[in-house]
Amino acid sequence: MNIKEIQIPTFLKRIFNGRNTVISIPYLWLLFLFLFPFIIVLKISFAQPVLAMPPYTDLLKWGESWWPTIQASFDSYLFLFSDSLYIHAYLSSLKIAIISTILTLIIGYSIAYSVAKAPTQWRAILLMLIILPFWTSFLIRVYAWIGILKTEGLLNLALTTIGIIDKPLIIMNTDLAVYIGIVYSYLPFMILPLYANLEKMDMSLLEAAADLGCRPLKTFWTVTIPLSLPGILAGCFLVFIPVMGEFVIPDLLGGSETLMIGKVLWGEFFYNRDWPVASAVAIILLAILVVPIMFYQKSQEKAIS
Amino acid sequence: MKKFGNFNIVALVVGFSFLYIPIILLILFSFNESRLVTVWGGFSTKWYVELMQNQGIKDAAWVTIKVAFISSTVATALGTIAGLVMTRFGNFRGRTLFSGMIYAPMVMPEVIIGLSILLMFVTLAIDRGMLTVTLAHITFSMCYVAVIIQSRMSSYDDSITEAALDLGCTPFHTFRLITLPIIMPAVVSGWLLSFTLSLDDLVIASFASGPGATTLPMKIYSMVRLGVTPEINAVSTILVGLVTLGVITASIIGRRQKNTN
Amino acid sequence: MTETTTTEPWLDSNQKPYIQIENVTKKFGDFTAIDNLSLDIYKNEFFSLLGPSGCGKTTLLRMLAGFERFTEGRVLVDGEDITEIPPHLRPINMMFQSYALFPHMTVEKNIAFGLKQDKMPENLINQRVEEMLELVELTDFAKRKPSQLSGGQSQRVALARSLAKQPKLLLLDEPLGALDKRLREQTQFELMDIQEKLEVTFVIVTHDQEEAMTVSSRIGVMDSGKLIQVATPTQIYEAPINREVADFIGDVNIFKGVYKGQDEKGTQLLSEDSKSIIYATQKVDVPVGNRIWFALRPEKLEITKKLPEVDCNILKGKIEDIGYGGSFSTYHVKLENGRQLTAIRANRERTAEHHLTWGDEVYLHWAPHSAVVLLS
């Protein structure tokens with residue numbers, strides 16, 4: 001395919017001398033509004049906070065000479081590593097992201113597998129039912145759990161009415177509530193790539209395995225799971241990466257001891273107004289995520305072409 | 001005919017209950033007479049009436065709709081171009097970076113995108129408001145559109161474009177008369193996705209917006225922080241209803257188009 | 001069609017070629033798809049480019065249409081150099097292998113598309129579309145969308161669309177490749193009728209040698225970006241230029257050996273198979289002792305149980321396999337040295353008088369004028 005496209009005839013190039021113009025429109029947009037801002041974040045992370053607007057010092061100081069003096073300060077980074085709060089927040093985010101990715105994978109796989117195995121005429125409607133909540137507001141879906149999980153909420157009401165428990169469970173404002181919120185909100189992101197993969201899977205492979213004397217559970221582990229690996233990876237990336245920086249769910253469902261780096265960043269920025277530290281937090285988070293993001297990009301490009 | 005297996009039935013029932021019970025309860029309690037969200041005090045639409053009198057919510061809704069409409073329209077145009085560039089322009093200098101900039105915003109934590117775009121606006125001394133929110137929304141929405149267009153184009157027969165050129169159509173008219181109509185369903189679903197993404201976004205809007213440009217999610221968020229109220233349930237119900245209606249309409253249009261084509 | 005000069009213009013040095021392909025080369029990076037190729041095609045010809053996949057025939061066609069840039073060389077159509085003209089301005093139309101019908105337009109809109117680009121008045125467009133629909137017998141399907149057509153109907157719409165603009169040259173890329181065998185054979189004749197009726201020059205790309213033989217005025221056999229032989233179907237079949245062409249067009253038995261000179265029966269070849277001298281009438285001009293080949297079509301091999309009463313070209317063997325093909329049967333005969341030859345015999349009698357069966361000892365022989373001498 002590439003060979004054919006590189007060889008776009010000269011006349012096409014001449015007519016489309018716009019070709020480069022066409023490329024440059026979205027390119028410049030993303031360069032300017034996506035990439036360029038990161039450079040600014042990087043720059044500000046090396047600045048020092050001041051009480052002014054904007055609340056940070058300039059990196060380049062224009063003195064009397066022709067050249068500006070660079071006033072890079074590593075204070076923000078040193079601060080991040082000296083205060084155990086930040087390291088804890090990173091580690092805790094990592095822990096929460098890993099555990100909730102695994103939970104989402106287990107639940108998502110069961111659902112995606114069941115939809116892919118459902119009678120053909122049911123599949124479209126089941127898939128639609130999975131996508132539907134994905135289109136409705138994230139915030140609303142998280143909010144819906146507050147009413148259920150609160151101490152005087154619907155879950156405790158239901159459980160005490162039935163008589164399973166006599167004292168209400170404390171779920172709200174704990175890590176458990178955060179896990180429930182994350183699994184719930186990110187489930188469609190896990191199910192969709194898994195389903196896309198499982199649906200395409202040749203069912204005769206499973207029949208062949210059975211025919212060769214493989215028991216169903218073993219077939220599942222030795223045939224189905226390895227074949228659906230691309231879907232599993234895509235789903236896990238789609239959950240793990242954004243969850244690492246999640247803010248809304250820990251903020252609304254988590255308690256004061258629920259540490260997540262997205263919440264810390266938000267706090268540094270909006271409450272402490274320490275923009276250099278907020279920037280440094282973002283840069284380190286980005287450094288942690290850059291490898292998974294690149295893996296995700298590669299896997300998506302491969303899937304599409 | 002194939003039937004559901006036992007495990008599959010259980011997984012689907014449990015899975016869908018998990019997905020839908022919270023939303024159903026949310027909708028149910030928006031019609032609750034009582035102010036308490038856990039006690040059913042009888043059916044009432046009074047929270048909707050109250051909502052209609054809440055100027056703050058109405059303003060926020062109006063801002064959100066304007067931002068969503070403009071940002072999804074621009075994002076669809078830019079994203080469509082980006083998707084075509086990715087699939088039909090072969091290799092060009094900086095292609096890897098371009099593809100990286102398209103895929104990264106889809107998974108990048110929102111706090112990072114929000115913070116970075118805000119800091120840029122501050123650096124360039126651009127006043128924060130509706131414009132900045134709109135620009136931010138265009139930037140991440142266009143990436144979703146680009147990916148939708150890209151996957152549509154991967155099953156597009158190139159010789160259709162060549163046939164049009166061969167029959168005397170100029171490259172520009174070929175795009176307008178042939179390519180665009182054929183990929184239109186993908187363009188429409190790109191627009192719808194952009195619209196809901198913009199409608200939904202709290203984190204990036206909170207960073208990018210300024211005074212006078214409070215969006216609905218920002219308004220709801222500040223209300224939620226003060227506690228659960230039937231009023232929030234009511235506004236949520238309206239949003240869920242609108243989105244559901246939109247998605248179902250879109251899928252019916254899509255299916256009809258598939259049938260006639 | 002009355003004079004021989006117009007049916008075989010390539011033999012007449014006064015005729016001017018209509019399409020002149022001059023020293024054309026096409027490279028994709030390091031890969032040479034078309035290698036310094038020259039070819040003249042005459043007006044109203046039905047010219048076939050035939051070759052295995054990857055031989056460059058489709059690339060050449062796409063270059064004529066304007067979708068591939070020329071690395072070197074040029075192409076003239078009716079005296080005009082079109083090398084640098086973009087596809088939408090060339091007086092050439094193409095019928096695509098996938099048909100490439102516009103899925104969102106009806107049949108008549110598809111056919112009218114090219115005419116609309118020329119800004120032809122509405123009433124003339126309608127008239128022309130009607131003519132084309134009649135030509136391909138699809139008048140009743142004018143309002144249908146491509147998805148509601150069968151393969152054969154789609155093929156005809158694609159043909160009508162590409163002919164609507166009355167191109168100077170029509171390019172057809174595997175036009176019948178997607179049809180089943182019966183429909184393909186029927187459509188071949190339709191295609192020939194239409195070509196004669198409209199007097200348009202056709203260049204067709206195909207990998208199907210039977211198709212090329214049936215429809216073409218001339219065939220260009222291609223391999224590795226080069227034309228190996230350009231000739232009429234009969235010449236290609238009966239007088240292939242080398243083993244490659246002989247092997248590619250139809251079945252053939254090749255005898256390998258050493259040239260031993262000429263005598264009254266013709267060219268002598270010391271066969272590696274029978275270790276005896278075999279003959280072909282055709283004369284060659286190479287030194288004695290050179291390696292040469294005889295090519296013999298299976299239907300020219302006589303197969304008998306009795307020793308035939310001829311004085312040369314007799315080989316003995318055993319029937320290994322029989323393929324019954326209805327009007328004819330194919331026999332695979334194993335020679336004493338293990339070499340297998342193919343012979344075809346028409347089944348003229350219903351009951352098997354000269355019944356041949358598996359394991360029969362048989363004799364194969366041929367007339368010296370049936371064999372072709374090949375030097376490479």
Side-chain angles (χ1 to χ4, degrees), chain B residues 76 80 83-85 87-93 95-96 148-191 250-261, chain C residues 28-29 58 61-68 85-106 109-120 143-149 154 157-167 169-174:
Chain B
T76 304
T80 304
L84 290 169
V85 165
T87 46
R88 285 297 174 275
F89 280 64
N91 250 329
F92 52 88
R93 215 183 283 178
R95 191 181 198 280
T96 314
I148 291 177
I149 296 297
Q150 203 182 339
S151 70
R152 172 65 187 86
M153 288 308 281
S154 65
S155 66
Y156 177 90
D157 181 5
D158 258 341
S159 51
I160 289 183
T161 312
E162 288 177 347
L165 289 172
D166 185 69
L167 291 165
C169 200
T170 61
F172 175 71
H173 280 101
T174 302
F175 176 74
R176 198 172 59 84
L177 295 172
I178 306 297
T179 313
L180 194 57
I182 293 175
I183 64 169
M184 206 52 187
V187 175
V188 170
S189 60
W191 189 89
S251 84
I252 288 172
I253 291 171
R255 196 164 301 171
R256 192 172 296 166
Q257 197 150 19
K258 208 183 261 172
N259 287 345
T260 52
N261 266 0
Chain C
F28 294 108
T58 300
L61 200 75
R62 290 174 56 81
M63 289 168 85
L64 290 174
F67 300 128
E68 303 289 352
I85 297 181
H88 65 278
L89 300 177
R90 288 190 187 197
I92 293 174
N93 286 128
M94 175 148 167
M95 190 187 140
F96 290 82
Q97 184 174 12
S98 65
Y99 308 143
L101 299 180
F102 306 131
H104 58 305
M105 295 183 187
T106 59
K109 290 256 168 60
N110 261 284
I111 297 174
F113 186 84
L115 304 170
K116 274 193 191 143
Q117 307 310 316
D118 285 356
K119 307 267 185 306
M120 193 190 254
K143 303 280 183 217
R144 293 237 187 142
K145 287 270 184 79
S147 58
Q148 297 164 299
L149 300 175
S154 302
V157 176
L159 182 65
R161 187 179 70 177
S162 54
L163 281 170
K165 290 183 78 171
Q166 294 174 294
L169 172 63
L170 183 70
L171 307 169
L172 303 100
D173 186 6
E174 303 273 5

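All heavy atoms count here, side chains included; hydrogens, waters and symmetry mates do not. Convention: sequence-line order gives letters A, B, ...; per-chain numbering from 1.
Atom CG of B/Asp166 is separated from atom NZ of C/Lys165 by 8.0 Å, given to the nearest 0.5 angstrom. Of the inter-residue distances, the one linking B/Cys169 atom SG with C/His88 atom NE2 reads 8.5 Å to the nearest 0.5 angstrom. Interatomic distance, OG1 of B/Thr174 versus CZ of C/Phe113, reported as 6.0 Å (0.5 Å rounding). Distance CE/C/Met95 to OG/B/Ser159: 11.5 Å, rounded to 0.5 Å.
Closest approach of B/Pro181 to C/His104, counting heavy atoms only: CB-CD2, 3.4 Å. Between B/Glu162 and C/Phe67, the shortest heavy-atom contact is O-CZ, 3.2 Å. The two residues B/Ala163 and C/Phe96 have their closest heavy-atom pair at CA-CE1, 3.3 Å.
Only the backbone of C/Ile92 comes within less than 4.5 Å of a heavy atom of chain B; no side-chain atom from C-beta onward does. Heavy atoms of C/Leu171 lying under 4.5 Å from chain B are absent altogether. In this structure, chain B has a heavy atom under 4.5 Å from the side chain of C/Met105, while its backbone stays farther away.
Between chain C and the residues B/Thr170, B/Ile178, B/Asp157, the most heavy-atom pairs under 4.5 angstrom are made by B/Ile178.
Side-chain contact between B/Leu177 and C/Lys116: absent, with no pair of heavy atoms (C-beta onward) separated by less than 4.5 Å. Side chains of C/Arg161 and B/Leu167 form a contact here, defined as non-hydrogen atoms less than 4.5 Å apart.
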